[in-house]
There are 2 protein chains.
Amino acid sequence: MKAAKKPVISARKSPRQRRSTQLVEDILEAATRVLSREGAQRFTTARVAEAAGVSVGSLYQYFPNKEAILFRLQTDEWQRTGELLHSILADSSLAPLDRLRATVKAFFLSEWDEASLRIALGDAALNYREAPEVQEHRKAGLQRSLRFLGEVLPNASTKERRFAADVVMTTLSVVGKKVSEQSRSKAEVEAWSEAMGEMLCAYLSRLMTGL
Amino acid sequence: MKAAKKPVISARKSPRQRRSTQLVEDILEAATRVLSREGAQRFTTARVAEAAGVSVGSLYQYFPNKEAILFRLQTDEWQRTGELLHSILADSSLAPLDRLRATVKAFFLSEWDEASLRIALGDAALNYREAPEVQEHRKAGLQRSLRFLGEVLPNASTKERRFAADVVMTTLSVVGKKVSEQSRSKAEVEAWSEAMGEMLCAYLSRLMTGL
DNA sequence: CTAGAATACGAATGATTCGTCGCATTCGCT
DNA sequence: AGCGAATGCGACGAATCATTCGTATTCTAG
C-alpha cells in the first residue's frame with residue numbers, strides 16, 4: 001500500500017453568523033440521511049449538498065473535504081455510544097459481570113436499530129483508518145473501560161488489565177458490527193448479544209480465577 | 001442504501017489455448033501483487049493489466065468486471081484458509097478444546113503474515129457483500145465446523161450447535177481480521193490468539209456444563 | 001444608509017476509472 | 001502453406017467525483 005497524501009480531517013473554519021451555523025447543522029443532518037440511505041459508496045459532496053439544500057461551495061466553506069464530514073459523523077456517533085456504554089458499565093447497582101452483559105446488550109441493540117448508518121460509517125472509515133484522531137478515540141474508549149476491569153480483576157497488573165480491556169472491547173465492537181451488518185431480526189440480535197455477553201463473562205471469569 | 005445493479009461475479013469464458021491459460025494466471029498473480037501493494041482503493045483493471053504485462057482488453061476477455069477478479073482472489077483465499085483450519089480442527093490426536101486453540105492460533109498467524117493482502121481483500125469485499133456466492137461460502141464453512149461442535153456439545157440440539165458454531169466462527173474471523181488490521185508484532189498477534197483461544201474455550205465450556 | 005466583511009452559490013475544471021470495440025496478431029490444424 | 005478461430009491490443013467514450021474560484025447575495029457595524 002503506497003503512502004497517500006495526508007488527509008485533513010478537522011474543520012476548516014467556524015461559523016460566525018447565525019445562518020452559517022444553521023447551514024452546518026443542515027449539512028450534518030443531510031449527510032446522515034445520505035449516508036444511511038445511499039451507503040458509503042454513493043456518499044458524495046454533491047448529494048449531501050443537494051440533500052441539505054445548499055451548494056457544494058458552501059459545504060466546502062466549513063469542511064476541508066469529504067472525509068471531514070464523515071469523520072465528524074463518526075465522532076458524534078462514538079460520543080453517543082461511548083456515553084451510553086459507559087453509563088451502564090459504571091452503574092454500581094448491578095454485579096460487575098451483569099453490567100457487562102447489560103452493556104453488550106445495549107450495544108448490540110444500538111447498532112441494530114441504526115444499522116444502515118453504522119454500516120455505512122464503517123465502510124467509510126476505511127478512508128481514514130490510520131488517522132491519529134481515530135487512535136485517540138480508541139485509546140479514550142479503552143481508558144474508560146479500565147475502571148470496570150479494575151473492579152473485576154483487582155489482582156491483575158495494569159498491563160494485564162489493559163490487555164483484557166482491549167480484548168473485551170475489540171471483540172464487543174467488532175462482533176457487534178458484523179452482526180448488525182447481516183441484517184437480522186431483533187430476536188436474533190438479542191440472542192447474539194446474550195451469547196457474546198456470556199462469552200465475555202466466561203473469559204473474564206477465567207481470568208479472575210486463573211491469575 | 002439503494003439497490004445497485006446486479007453484479008456479475010463469475011468468470012466470463014474459459015481459456016482454450018495454452019497462452020490464454022497463462023494469461024489468466026498472470027492476471028491473478030498480478031492482481032494479488034497490486035492488491036497487496038497498492039490496496040483496494042488503487043486496485044484498478046488498468047493497473048492489474050499493466051502489472052501482468054497484458055492489455056485491459058485481454059483482461060476483460062476472461063473476467064466480466066473488476067469485482068470478478070477480486071472475488072476470485074477472495075475465493076481462493078477462503079479455500080486455502082478453510083482447508084488449513086479444518087485440518088487442524090479435525091485432527092483427533094488432540095483434545096477438542098486444544099484443537100480449537102490451535103486453530104485460532106493458526107488462523108491469527110495466517111492472517112498476520114499476509115496482512116496487507118487480507119486487509120485489502122476485506123476492503124474490497126464491501127462491493128459484493130450481499131452476493132449470494134458469499135453466503136454460500138459462509139454456509140459451507142459453518143457446515144464444516146459442525147462436526148467439531150458435535151464432539152464438544154454432544155447433548156445440544158442441532159439448532160444450538162449451529163448457533164454456537166456461528167458465534168465461534170464469526171468471532172474468530174472478525175477479531176482475527178481486526179487484529180491483523182492494526183499491524184502488530186508477531187508476539188502481540190500470538191498473545192491475542194491465545195486470549196481469543198481462551199475466550200472461545202471458556203464460552204464452549206460454559207455451554208457444555210450449562211446445557 | 002452604506003461600505004465592507006461574511007456567506008452562499010454553482011458552473012467549470014481536472015482527475016480517475018470502467019468497460020467496449022475495431023483491428024492486428026498468433027495459434028492449431030489440415 | 002494457409003485458413004478460420006482464438007487471442008491480444010490499447011485508444012476511446014462515458015460516467016463520476018472532489019474541489020476551486022469568480023461572482024452574487026446577505027449581513028452587520030458604524
Side-chain angles (χ1 to χ4, degrees), chain A residues 2 4-28 30-31 34-35 38-72 123-124 126-128, chain B residues 2 4-28 30-31 34-35 38-72 123-124 126-128:
Chain A
K2 255 183 196 166
K5 56 193 167 192
K6 70 158 186 176
V8 182
I9 256 181
S10 39
R12 172 164 278 179
K13 78 180 181 188
S14 305
R16 301 189 168 265
Q17 300 181 359
R18 207 177 318 134
R19 54 178 173 160
S20 53
T21 309
Q22 182 61 46
L23 186 142
V24 169
E25 279 172 24
D26 289 350
I27 290 176
L28 289 172
V34 170
L35 192 57
E38 310 259 1
Q41 187 69 36
R42 294 172 57 80
F43 181 89
T44 68
T45 50
R47 261 185 273 266
V48 170
E50 194 200 339
V54 143
S55 86
V56 240
S58 302
L59 187 156
Y60 275 94
Q61 289 284 318
Y62 301 98
F63 297 93
N65 52 46
K66 197 176 69 158
E67 269 66 43
I69 308 177
L70 289 165
F71 187 66
R72 168 68 182 274
D123 292 354
L126 302 185
N127 297 321
Y128 46 84
Chain B
K2 257 183 193 166
K5 57 191 169 192
K6 67 159 187 175
V8 181
I9 257 181
S10 39
R12 174 164 277 180
K13 78 181 183 190
S14 303
R16 302 190 168 265
Q17 298 182 359
R18 206 179 321 134
R19 55 180 171 156
S20 53
T21 309
Q22 182 62 45
L23 186 142
V24 169
E25 279 170 24
D26 289 350
I27 290 175
L28 288 173
V34 170
L35 192 56
E38 310 259 3
Q41 186 68 36
R42 294 174 56 80
F43 181 90
T44 67
T45 50
R47 263 186 272 268
V48 170
E50 193 200 340
V54 146
S55 85
V56 237
S58 301
L59 186 157
Y60 276 96
Q61 290 283 318
Y62 301 97
F63 297 94
N65 51 46
K66 200 176 67 157
E67 269 67 42
I69 308 177
L70 288 166
F71 187 66
R72 169 66 182 274
D123 292 354
L126 302 186
N127 297 320
Y128 46 83

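Sequence lines set the chain letters: A, B, ... in the order given, protein chains first and strands last, and positions in each chain run from 1. Owing to the predicted nature of the structure, the values given are computational and were not obtained by experimental measurement.
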(request) Specify the separation, in whole Å, of atom CG of A:L23 and atom P of C:dA6. (result) 16 Å
(request) Using a cut-off of strictly less than 4.0 Å, decide whether A:S58 has a side-chain nitrogen or oxygen near OP1 or OP2 of C:dT7. (result) no
(message) Quick check: on DNA chain D, is the nucleotide nearest A:G57 upstream (toward 5') of the one nearest B:G57, or the reverse? Name the residue that is more 5'.
(response) B:G57
(message) By nearest atom, which of the nucleotides C:dT7, D:dT19, C:dC18 is closest to the B:Y60 side chain?
(response) C:dC18
(message) Measure CD/A:Q61 against C1'/C:dA5 and give the value in whole Å, please.
(response) 13 Å
(request) Between C:dG10, D:dG8, C:dC18, spot the one nearest the side chain of A:S55, thanks. (result) C:dG10
(request) Considering non-hydrogen atoms only, spot the tightest contact between B:T45 and B:Y60 and give its length. (result) CG2-OH, 3.3 Å
(request) Grab the CG-P distance between B:L70 and C:dC18 for me, whole Å please. (result) 10 Å
(message) Could you report the tightest heavy-atom contact between A:A49 and A:V56, atom names first, then the distance?
(response) CB-N, 3.8 Å
(request) Taking all heavy atoms of A:R47 and all of A:R42, pick out the closest pair and write down the distance. (result) NE-O, 2.7 Å
(message) So B:D123 and B:Q41, do their side chains get closer than 4.5 Å, heavy atoms only?
(response) no
(request) Provide, to the nearest angstrom, the distance between the CD atom belonging to A:Q22 and the C1' atom belonging to C:dA6. (result) 17 Å
(request) Can you tell me the distance, in whole Å, between the CD atom of A:E25 and the C1' atom of C:dT7? (result) 16 Å
(message) Any heavy-atom pair between the side chains of B:Y62 and B:I69 that's under 4.5 Å?
(response) no
(message) At a heavy-atom distance below 4.0 Å, what parts of residues 47-54 of chain B sit against DNA chain D?
(response) B:V54
(message) In whole Å, I'd like the distance from the NZ atom of B:K66 to the C1' atom of C:dC18.
(response) 8 Å
(request) Respond yes when some side-chain nitrogen or oxygen of B:S20 is under 4.0 Å from OP1 or OP2 of D:dA6, and no when none is. (result) no
(request) For B:S55, enumerate each residue passing the side-chain hydrogen bond (donor to acceptor under 3.5 Å, both in side chains) test, keeping only those at least two apart in sequence or located in another chain. (result) B:S58
(message) Ignoring hydrogens, what is the shortest heavy-atom contact between B:Y128 and B:E67? Give both atom names and the distance.
(response) CD2-CG, 4.2 Å
Distances for protein N or O near nucleotides 23-28 of chain C N or O, under 3.5 Å:
residue : atom : partner : partner atom : Å
C:dT26  : O2   : B:R19   : NH2          : 3.4

(message) In whole Å, I'd like the distance from the CZ atom of B:F63 to the C1' atom of C:dT20.
(response) 18 Å
(message) Could you report the tightest heavy-atom contact between B:V48 and B:A30, atom names first, then the distance?
(response) O-CB, 3.8 Å
(request) Please report the closest heavy-atom contact between B:L59 and B:V54, naming both atoms and the distance. (result) N-CG1, 4.3 Å
(request) Return the value, rounded to whole Å, for the distance between atom CG of A:L59 and atom C1' of D:dT19. (result) 11 Å
(message) Taking the minimum atom-to-atom distance to the side chain of A:V56, which one of C:dG10, D:dT7, C:dA8 wins?
(response) C:dG10
(request) Find out whether A:E38 and A:T44 are in side-chain contact, i.e. whether some heavy atom of one side chain is under 4.5 Å from a heavy atom of the other. (result) no
(request) Answer with base, sugar-phosphate or nothing: what part of the nucleic acid does B:T44 contact at a heavy-atom distance below 4.0 Å? (result) sugar-phosphate
